[in-house]
Amino acid sequence: MSKQLVAMILAGGKGTRLYELTRKDAKPAVHFGGKYRIIDYPLSNCAHSGIDTVGVVTQYESINLSRYIGNGEKWGLNGVRSSTVAIPPRQTESGSNWFIGTADAIYQNLEFIDSFDPENVLILSGDHIYKMDYAKMLETHLDNKADLTIAVLDVTLEEAKRFGILSVDKNDRITEFEEKPRNPKSTLASMGIYIFNYRVLKQSLIADAKDETSEHDFGKNIIPTLLAKKRKLYVHRFEGYWKDVGTIDSLWEANMDLIASMDEDFYTVDKHHFRIFSEDTNSVPHYVGKKARVTNSVVNQGAIILGEVDHSIISNEVFIENGARVTNSVIMPGVNVGRNVVINKAIVINDITIEDDTIINPEGEKVVLVHQGGVK
Amino acid sequence: MKVLAYLNLHHAPGLGPLTRNRSSAVVSFLGRYAFMDFMLSNFSNSGFDRIVSLVDAHPHSVLKHLGSRNTFNINTKIGMEIVAYNEGGSKAGPRYNTDIANIRFNDWILDQTDPDFVVVAPSYFILPLDFRPIIKEHIANKSLVTAVYQQVNNAKTEFIGRGIYELNSDGQVINFSRNKGEKNERLIALEIYVFNKDTFKFLINEAQRISSFYTLSDIVAYQAMNGLRVDTYAYEGYLRCIDSYQHYFDYSFELLNYKVRRQLFIPNWPVYTVTHDTPPAKYEETAHVNNAFIANGSLIAGTIKNAIISRNVKIEEGAIVENSIIFTDSIIRRDKTISHAIIDKAADVAIATELSGTPNDILYVRKGDKV
């Protein structure tokens with residue numbers, strides 16, 4: 001049976017700008033929001049969008065990520081017609097090849113996609129935080145009879161300088177694409193979310209693979225080539241929260257944004273709608289001690305808080321001792337915060353111990369990363 | 001070694017208003033668990049892969065909790081995680097609705113799994129129990145039946161109505177009676193058994209021959225006193241018998257104390273339950289929380305002191321919750337005060353300004369009520 005839409009998630013990147021956070025984990029496996037991993041977002045989006053087939057292309061530290069993805073059960077993507085597969089680089093008749101660029105990562109897996117005989121393919125990144133119904137994007141794509149539809153976010157003119165920017169005509173057909181323009185002609189920023197007509201995608205990837213001058217990248221090569229060939233490229237306008245979490249600063253900001261956005265709607269009115277699925281850690285509900293004080297924060301199950309916490313994210317199995325004070329910080333799972341420790345404006349990497357009386361970043365001029373080896 | 005493990009929900013004590021419309025096995029505990037999770041996790045952690053829940057009443061509540069029914073399974077193909085319900089027995093009235101009648105009604109399970117050993121355990125005793133050493137001893141002693149007990153020194157006030165054993169010098173059961181609270185030192189029968197398959201089959205057939213009202217514990221006791229060798233295993237460690245509304249309340253609060261909690265939640269012995277993928281709890285600027293368990297999905301803007309807050313509970317600004325247990329999906333509105341109360345699921349405390357019980361008379365608000 002052919003499929004209308006198969007999703008491929010690009011999750012192979014190392015994420016060098018996250019430093020020690022990605023020393024042992026691929027970027028998409030980095031912890032987020034006290035309970036989640038970054039890749040829970042695109043996978044949960046797929047589940048809520050009625051997509052049942054997802055290939056997750058892995059490369060850097062692929063074992064932990066593959067184990068986490070499993071058969072897709074955590075996101076309900078293991079039903080009768082479902083298929084969730086982590087795909088690392090592999091050895092084939094033609095040799096063994098690492099994925100060279102984003103386009104190459106899909107090119108090397110065309111046979112996998114072929115096996116589902118899809119009409120369209122959704123290409124996603126494994127490192128963005130957002131909730132999106134891809135079914136709506138597919139609708140836009142089919143209405144326009146597009147070869148490629150790119151999801152866009154309307155940003156400010158200043159922000160536009162940091163993104164791939166798309167100019168469109170009155171029908172939202174793309175006329176121009178510029179990567180990080182100094183003088184943006186439009187404020188429609190590419191979110192790195194693409195729906196391709198599969199026939200067109202396959203042709204482009206095969207042609208691109210033969211081009212020795214290509215960097216085999218969707219933004220740099222595939223999209224400009226299709227545009228030059230006057231193929232039908234359209235935008236799909238997305239409204240809502242979206243953030244690339246590729247740096248320590250942006251990861252911290254996204255976590256702080258989560259505290260602010262977890263309002264009443266999220267918990268009561270909206271509680272069964274579009275929730276982000278994740279792994280259950282089999283933890284006891286979190287415990288708040290007799291002298292503790294917790295305000296303005298997000299706290300996951302399994303945590304024990306005896307000290308003070310304000311405006312922070314506390315993950316599962318975090319232990320915060322008496323007299324400790326944690327502010328404006330993200331504490332990843334399994335961290336022990338000792339007595340009288342002060343932590344401000346920090347991301348604390350998972351499973352480490354902060355010794356008693358340690359003072360970290362009290363002035364808080366910039367976000368710091370706390371890891372086994374020290375403070376960055 | 002194949003083990004068939006029955007979770008026995010028959011003949012469990014009621015918990016007053018909490019069990020009016022649900023099995024005591026699925027009563028919410030510590031904000032996230034159902035009581036049955038503890039024994040089922042013991043089964044799973046002990047490596048048992050064929051697990052049957054013998055449901056006596058309110059099967060809807062048990063089915064709802066078990067959900068996809070793979071929470072406790074090890075191998076989802078070879079393993080079995082099912083609910084056995086004896087519809088006829090249930091209709092025939094409580095005396096006929098025995099564990100043995102249920103096992104016999106669903107006898108295909110025993111035939112199909114063809115186990116080496118059968119384990120039976122109830123859900124109203126809460127304890128972290130590793131069955132592996134018990135089975136090891138059962139095999140080493142060439143036992144037919146091994147019954148688990150705990151030696152206690154508070155039987156005058158606790159474990160009233162539970163079984164008590166008298167043992168001979170070889171640790172075999174020579175007498176079985178019910179605890180009426182005459183003295184403190186007792187060997188409390190936990191109604192946890194390991195049987196050889198053939199002994200088990202003999203007992204459930206024999207029970208039916210003697211009396212249609214016989215329970216598994218009745219026939220074990222009857223046979224023990226009539227010459228069957230029933231060996232015993234002494235369990236030491238955390239044990240609570242959830243046998244009344246008051247005990248439910250007291251044993252919940254006792255676990256706020258870390259020294260007690262770590263006896264139940266022990267390392268490398270996870271307690272599994274059904275996940276609902278709720279987001280972590282959120283504390284607002286106005287939150288003031290001390291000595292409490294808070295489950296995921298809760299939104300806290302009020303004051304909480306000595307309390308257990310379950311999933312998706314909302315405590316609005318100015319609300320005060322003290323010495324209380326709030327079940328899933330309930331809301332405590334602005335400026336309302338709750339103390340010494342149990343607020344059942346999806347209740348809405350919006351009208352009454354103050355709802356106060358006392359330590360010995362815990363106020364109860366029904367599931368779904370608006371008060």
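Within every chain, numbering begins at 1; the chains are lettered A, B, ... in the order of the sequence lines, protein sequences first and strands thereafter. As a basis for the values below, the full set of heavy atoms in this structure was taken, side chains included, without hydrogen atoms, waters or symmetry mates.
With rounding to the nearest 0.5 Å, the separation of CD in Glu284(B) from OG1 in Thr295(A) is 10.5 Å. Taking OH of Tyr287(A) as the reference point, atom CG of Leu30(B) lies at 12.5 Å (rounded to 0.5 Å). With rounding to the nearest 0.5 Å, the separation of CG in Asn282(A) from OH in Tyr272(B) is 6.5 Å. Interatomic distance, CZ of Phe265(B) versus OG of Ser283(A), reported as 10.5 Å (0.5 Å rounding). Atoms OG1 and CD, from Thr278(B) and Gln301(A) in turn, are 7.0 Å apart once rounded to the nearest 0.5 Å. Note that the CG atom of Asn300(A) and the CG atom of Asn296(B) stand 4.5 Å from one another [nearest 0.5 Å].
Other residues, nucleotides and ligands place no more than 12 heavy atoms under 6.0 Å from the CZ atom of Arg366(B). For Ile266(B), the CD1 atom counts as densely surrounded, since its 6.0 Å shell holds more than 12 non-hydrogen atoms of other residues, nucleotides or ligands. More than 12 heavy-atom neighbours from other residues, nucleotides or ligands sit within 6.0 angstrom of OH on Tyr241(A).
The closest donor-acceptor contact from the side chain of Lys282(B) to the backbone of Ser297(A) lies at 3.5 Å or more, if one exists at all. For Asp277(B) (side chain) and Ile276(A) (main-chain N/O), no donor-acceptor pair under 3.5 Å exists by modelled atom type.
Residues Pro280(B) and Tyr36(A) are in side-chain contact: their nearest non-hydrogen atoms beyond the backbone lie under 4.5 Å apart. Between Tyr283(B) and Val288(A), some side-chain heavy-atom pair lies under the 4.5 Å cut-off.
At a 4.5 Å heavy-atom cutoff, the contact between Arg261(B) and chain A is made by side-chain atoms alone. Contact of Ile309(B) with chain A is not made at all, since no heavy-atom distance falls under 4.5 Å. Heavy atoms closer than 4.5 Å to chain A are found in both the backbone and the side chain of Val289(B). Only the side chain of Ile304(A) comes within contact range of chain B, judged by heavy atoms closer than 4.5 Å.
Residue with the most contacts toward chain A among Lys305(B), His288(B), Arg311(B): His288(B) (heavy-atom pairs, distance under 4.5 Å). Counting heavy-atom pairs closer than 4.5 Å to chain B, the top-ranked of the candidates His286(A), Lys290(A), Arg293(A) is His286(A).
Nearest heavy atom pair, residue Ile294(B) against residue Pro285(A), reads O-CB, 3.5 Å.
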